[in-house]
Amino acid sequence: MKTRFNRLFLPVLLVILLAFTSACGSAEKKTDSSNSSSSAETKATEKAVEKPTEKPAEKPKNTTITMMWNSTKKEYVDYIINQYKSKNPNVQFDVQITDVNQYDNIISTRIATKNLTDLIMHNVVDVAKKYAAERNFVDLSDQPFAQRLAAPEFSKIRGKIYCMPFSASGPALGILYNKKIFSDLQLPIPKNYDELISSCEKMKQKGITPFYFANKAGWCAQLWPLTTLCEFTKGTDIMDKINMNKLKHKDVPEFEKALQMGLDFVKKGYANKDQMSADWESIGPAILSGKYGMVAFGSFAAGAFSANKEVADRIAKETALFASPGVEDPDMAMGSVQGLFLWNGSKNVDEVKKFLEFWSQPENMSVEYKEEPLFSAFKDVKVELDALQNDVYDKYISKGKIMSQYNDQIAVDVTELLKLYQDMYAGAKTPKQVLEAWDKKVEELAKAAKLPDW
Amino acid sequence: MADSKANKKLPMSFLELLMIVIGIIFLIPILVVIFGSFKTQLEAGMYSLFFPTKWQFDNYFTVFKKINVVRTFLNNTIMTTASIVFIIIFSSAASFTIVRRNNSLMNLTFKVFISGLVASLMYIPTIRVFQAMHLMNTRTAAIILYIALSLPFAVFLFTGFIKSIPRELDEAAFVDGCSSLQTFFGIIVPLLKPVIFTEIIIAFMWIWNDIQIPMFFLNDSKKWTMPMFIYNFVSLYEREWNVVYAYLVLISVPVVMVFVAAQKYIVSGIMAGAVKG
Amino acid sequence: MDRNYYPYYFTYPAVILFLLIFVTPTLIGFGYAFTDWNIYNPEINFVGFENFKKILDNDNLQLCIRNTVFFALFTCIGRNIIGLLLALALCSRLKTKVALRTIFYLPVILSYIVVGVVFTMVLHPEGILNTILSAVGLEFMALQWLADRNVVMFTVSIVDIWKGAGFHMVIFIAALMSIPHEYSEASKIDGANAVQQFFKIKLPLIMQSVTINIILSLIAGFKVFEQVYLLTNGGPGYASSVMNTVVFQMLGEGTWGMGTAINLVLFIVIAVVTLIALAYLKRKEIEI
């Protein structure tokens with residue numbers, strides 16, 4: 001009995017499922033063809049329009065704009081999209097949010113197989129290094145929004161603009177400090193490394209750990225070198241020489257000095273004991289706790305903890321940023337600009353250009369900045385920055401005391417470098433060994449990219 | 001019988017107690033997730049094991065509000081069920097012949113399947129294959145891929161278990177005049193019940209939770225499965241843990257249900273075994 | 001006789017699908033290991049064995065290989081022993097069997113994102129684990145589980161055993177359930193105790209599942225990626241990197257040819273190990 005039932009059950013299930021999948025398959029093929037080749041449909045709709053004799057009126061094509069986004073779903077994205085849709089009802093949107101850890105893998109795979117989304121959100125420096133901007137993305141330098149940029153230089157890749165930027169420059173990077181601790185102990189803002197060390201000493205005597213490190217996160221471990229290496233190269237042609245294979249990192253004594261400075265905080269006992277296992281999420285509570293004086297961080301500090309309004313507000317009010325004092329009277333290092341890049345192989349280039357133009361309008365950008373305050377990308381858009389960001393703007397940005405970060409100046413991808421820094425803080429490599437290993441890697445990557453001179 | 005049962009009673013309950021205690025310890029990280037799904041964002045961020053101060057159901061509502069749960073759930077169900085049916089049929093049939101017809105061709109086939117366990121999926125060449133077949137970005141492609149990728153493990157599992165079914169049984173059936181198909185479905189499949197349901201559990205869990213294939217082969221987020229949308233709430237710098245936990249609980253419920261249901265069939269496999277004896 | 005009753009066509013669907021969708025792309029992929037394929041250049045040039053020479057040069061790689069082998073062996077033993085013990089315990093006449101089996105299987109279902117985060121907190125120097133250890137006076141054992149270079153690989157392996165034991169348990173349960181009751185009843189009547197029962201009766205009858213489980217855990221062990229990536233990202237620095245994290249990093253840096261070459265090396269290594277283990281276990285199957 002059971003066997004007969006079994007024998008019937010499976011084939012019947014099979015048939016049902018086959019029918020189901022083929023139905024879905026044909027349904028997909030319909031949507032598939034409308035998604036991937038809107039041209040086929042436009043031809044159909046145009047033909048349909050042509051049929052009733054006269055009417056040469058243009059029926060707008062049904063298009064879908066696809067976009068890859070590399071952070072969590074933001075409300076301003078939905079808002080701007082809905083606004084655009086209400087003005088252009090024939091346009092649909094597909095915002096794809098995937099695993100951030102594999103973001104670059106996905107993009108490079110999709111570029112290689114020629115099916116990237118119309119837009120990707122990425123930062124200027126990575127696109128410049130990894131994705132051969134000239135080959136893969138549309139030059140947007142002639143777009144109206146490009147003429148309104150407040151700081152076009154930060155968005156340019158080899159002289160051209162390939163994205164609609166979200167900010168004038170990246171965030172400011174330096175040393176975030178607890179204002180109360182500094183005022184209680186009457187510590188000045190250190191203008192050079194010696195003043196920094198003497199402040200550390202004073203804090204240590206009062207039982208406060210001067211520096212907090214969250215070295216479990218590679219992007220945090222790099223912050224001190226990131227901001228100080230470029231101080232030593234400012235105004236020199238050191239980076240140019242390195243990028244042209246005329247100079248090696250290990251032959252620049254200032255680089256070793258900068259790395260050693262960072263390592264010394266740990267060696268001299270000025271750092272938290274769990275520096276290797278602390279992750280970036282602990283930085284917010286740590287700097288507010290009163291137990292730690294400083295942490296290498298950036299002007300995005302309040303934004304990074306925006307999930308917890310109380311912590312974010314307190315960070316904005318109780319902390320401030322000063323440039324890492326690797327040299328005398330240093331400039332503030334600035335991070336990289338994020339923006340939307342338009343893929344060269346997109347089938348909707350004109351529509352997307354319209355969309356980007358729409359996004360860049362003041363009434364839309366201000367919605368974005370309300371949710372995520374950044375240094376305004378456009379001359380005609382004002383942003384309400386939090387106290388921390390305003391302070392940085394007044395003290396450094398408005399005075400032009402800024403420079404680009406080290407990662408922006410080296411011509412190759414820096415993933416390996418972050419690991420080398422972690423090795424250094426873990427005690428497995430000396431600064432000199434870090435530079436030697438990095439030189440080796442730079443050579444490998446530059447040769448793979450067939451950069452001239454290598 | 002009653003005697004031996006009484007003797008067994010005492011040691012049995014000790015073992016049971018021990019297992020329950022170990023089970024709870026085993027469960028601690030999972031409890032963090034379950035409790036976390038009922039906490040506010042602030043509390044969830046503290047990763048502690050404490051009960052939420054106030055049981056919030058908001059997180060679950062947020063999930064339903066922000067994600068088209070019905071559509072993604074359907075995507076999941078279609079892809080997983082279709083894949084599993086074909087996996088079971090293809091692999092059990094293939095394994096049967098591989099084991100019984102023990103010649104060099106079949107041994108080679110077996111080794112080719114096993115090597116599939118070792119090799120990782122190469123995205124770009126595979127994408128090009130699907131592009132050539134004009135199947136890129138379809139659910140059919142995903143299903144085909146899931147089947148192909150599950151075959152090595154399934155074949156490995158089935159061949160192992162078919163070996164323990166004596167040949168005499170098939171031969172008795174053949175003598176009785178049954179065809180290959182009749183013997184296969186009538187004798188072998190019922191005996192493979194525990195294994196079939198084990199494979200269902202394993203394949204279901206893998207395919208249901210998988211994000212790699214939708215990420216690389218389904219370029220239209222309307223076709224995505226539930227686990228893909230978790231990244232709406234998790235990224236490098238922002239993490240709404242409470243919502244993420246709620247999401248994970250929701251995704252895991254069907255998997256657990258399949259597991260529990262399948263356990264019953266695995267237990268009933270004893271019946272088939274007893275009958276055979 | 002065979003030709004009629006064990007037809008080849010049973011294998012056709014599986015084999016055709018597998019060859020077309022998996023084998024072909026993989027072989028093509030392996031071909032790239034001999035090129036300088038990277039993201040910067042649209043042209044691909046054949047470079048022979050240069051990638052493999054570079055692999056031998058790389059110092060970090062020796063550490064990776066050591067870590068990978070340690071992880072594979074340790075987790076293979078851990079997962080299978082615990083999985084087997086669990087299966088034995090949960091195949092007896094316990095009342096809460098199904099609930100317990102579900103509990104021990106739950107870690108398998110859990111996604112790695114969450115495992116990474118939750119365990120990072122549990123294993124934090126001031127996290128749950130160390131707090132408990134200090135509370136019971138075992139403070140000397142409260143190590144820096146994820147930050148100490150000497151311990152990190154061990155920690156990652158334990159987490160993997162926790163997550164994977166349930167999987168092997170399920171397979172062992174399936175095997176144990178296939179043993180007819182009469183066998184164990186008969187041996188009990190003959191006066192055998194539990195241990196003897198296990199080694200003389202149960203083990204021989206579940207040898208196939210032992211083979212399956214050992215092979216699977218070895219392969220999974222050598223192919224380890226997410227466990228390490230999401231817990232430590234190969235860190236601190238390179239202390240816990242394994243071969244697949246290096247492949248991932250290379251793919252991320254855009255040096256695809258190199259990444260594929262390491263992938264090919266890993267494939268060959270695992271294939272060799274698997275074939276040896278398979279042959280050894282097959283012999284044991286027959287013996288026992």
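Being a predicted model, the structure only gives us computed values, none of them experimental.
Counting only distance, with no hydrogens or angles, the side chain of C/Trp162 and the backbone of B/Phe26 share a donor-acceptor pair below 3.5 Å. The backbone N or O of B/Ala94 sits nowhere less than 3.5 Å from a side-chain atom of B/Thr97 that would complete a donor-acceptor pair. Under the 3.5 Å distance criterion, the side-chain polar atoms of C/Thr35 are left unmatched by any main-chain donor or acceptor of C/Gly257.
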Evaluation steps, ring-ring contact (aromatic ring centres under 6.0 Å, His included), between C/Tyr6 and B/Phe174: CA-CA 11 Å; C/Tyr6 301 122; B/Phe174 296 144; 5.7 Å; yes

Can you list the steps and then say if C/Phe267 with C/Phe30 is a ring-ring contact (aromatic ring centres under 6.0 Å, His included)? CA-CA 10 Å; C/Phe267 172 78; C/Phe30 282 145; 5.1 Å; yes

Audit row: B/Phe184, C/Phe10, side-chain contact (heavy atoms from CB on, under 4.5 Å) steps and yes/no: CA-CA 10 Å; B/Phe184 181 66; C/Phe10 271 19; 3.9 Å; yes

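With a 4.5 angstrom heavy-atom cutoff, C/Val108 touches chain B via backbone and side-chain atoms both. Using a 4.5 Å cut-off between heavy atoms, C/Tyr12 makes no contact with chain B at all. Interface remark: C/Phe222 contributes no atoms to any contact with chain B (heavy atom separation under 4.5 Å). Residue C/Ala175 touches chain B through both its backbone and its side chain, counting heavy-atom pairs closer than 4.5 Å. With a 4.5 Å cut-off on non-hydrogen atoms, C/Thr26 touches chain B through its backbone and its side chain both. Both the backbone and the side chain of B/Ile144 come within contact range of chain C, judged by heavy atoms closer than 4.5 Å. Interface residue C/Ile171: backbone and side-chain heavy atoms are both found under 4.5 Å from chain B. Residue C/Thr24: no heavy atom, backbone or side chain, is found under 4.5 Å from chain B. Only the side chain of B/Val129 comes within less than 4.5 Å of a heavy atom in chain C; its backbone stays farther off. In this structure, the portion of C/Ile219 lying under 4.5 Å from any heavy atom of chain B is its side chain and not its backbone. When heavy atoms are compared at a cutoff of 4.5 Å, B/Ile20 approaches chain C by way of both its backbone and its side chain. Proximity to chain C is limited to the side chain of B/Ile124, based on heavy atoms less than 4.5 angstrom apart. Contact annotation for B/Leu117: both backbone and side-chain heavy atoms come within less than 4.5 Å of a heavy atom of chain C. Heavy atoms of B/Ile24 lying under 4.5 Å from chain C are absent altogether. Proximity to chain B is absent for every atom of C/Leu264, based on heavy atoms less than 4.5 angstrom apart. Both the backbone and the side chain of B/Ser120 have a heavy atom closer than 4.5 Å to some heavy atom of chain C. Interface remark: B/Leu105 contributes side-chain atoms only to the contact with chain C (heavy atom separation under 4.5 Å). Using a 4.5 Å cut-off between heavy atoms, B/Tyr247 does not touch chain C at all. At a 4.5 Å heavy-atom cutoff, the contact between B/Phe113 and chain C is made by backbone and side-chain atoms alike.
Note: C/Pro107 leads C/Gly166, C/Pro107, C/Ala99, C/Ala271 in heavy-atom pairs under 4.5 Å with chain B. Among the candidates B/Leu145, B/Asp170, B/Leu18, B/Ile87, the residue making the largest number of heavy-atom pairs closer than 4.5 Å to chain C is B/Asp170. For the set C/Ile215, C/Ile103, C/Ile270, C/Ile212, the count of heavy-atom pairs under 4.5 angstrom toward chain B peaks at C/Ile212. Per-residue heavy-atom pair counts under 4.5 Å with chain B were compared for C/Phe119, C/Tyr105, C/Phe22, and the maximum is reached by C/Tyr105.
The side chain to side chain donor-acceptor pair (under 3.5 Å) analysis of residues 213-227 of chain C, with sequence neighbours excluded, yields the pairs C/Asn80-C/Ser217, C/Tyr112-C/Gln227, C/Asp160-C/Gln227, C/His168-C/Asn213.
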What pairs of donor and acceptor atoms, side-chain ones from residues 153-163 of chain B against any protein atom, are under 3.5 angstrom apart with sequence neighbours left out?
{"from": "B/Thr159", "atom 1": "OG1", "to": "B/Val155", "atom 2": "O", "distance (Å)": "2.8"}
{"from": "B/Thr159", "atom 1": "OG1", "to": "B/Phe156", "atom 2": "O", "distance (Å)": "2.9"}

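With a 6.0 Å cutoff to the six-membered ring centre and a 45° limit on the axis angle, C/Arg101 does not count as a cation-pi contact of B/Phe259.
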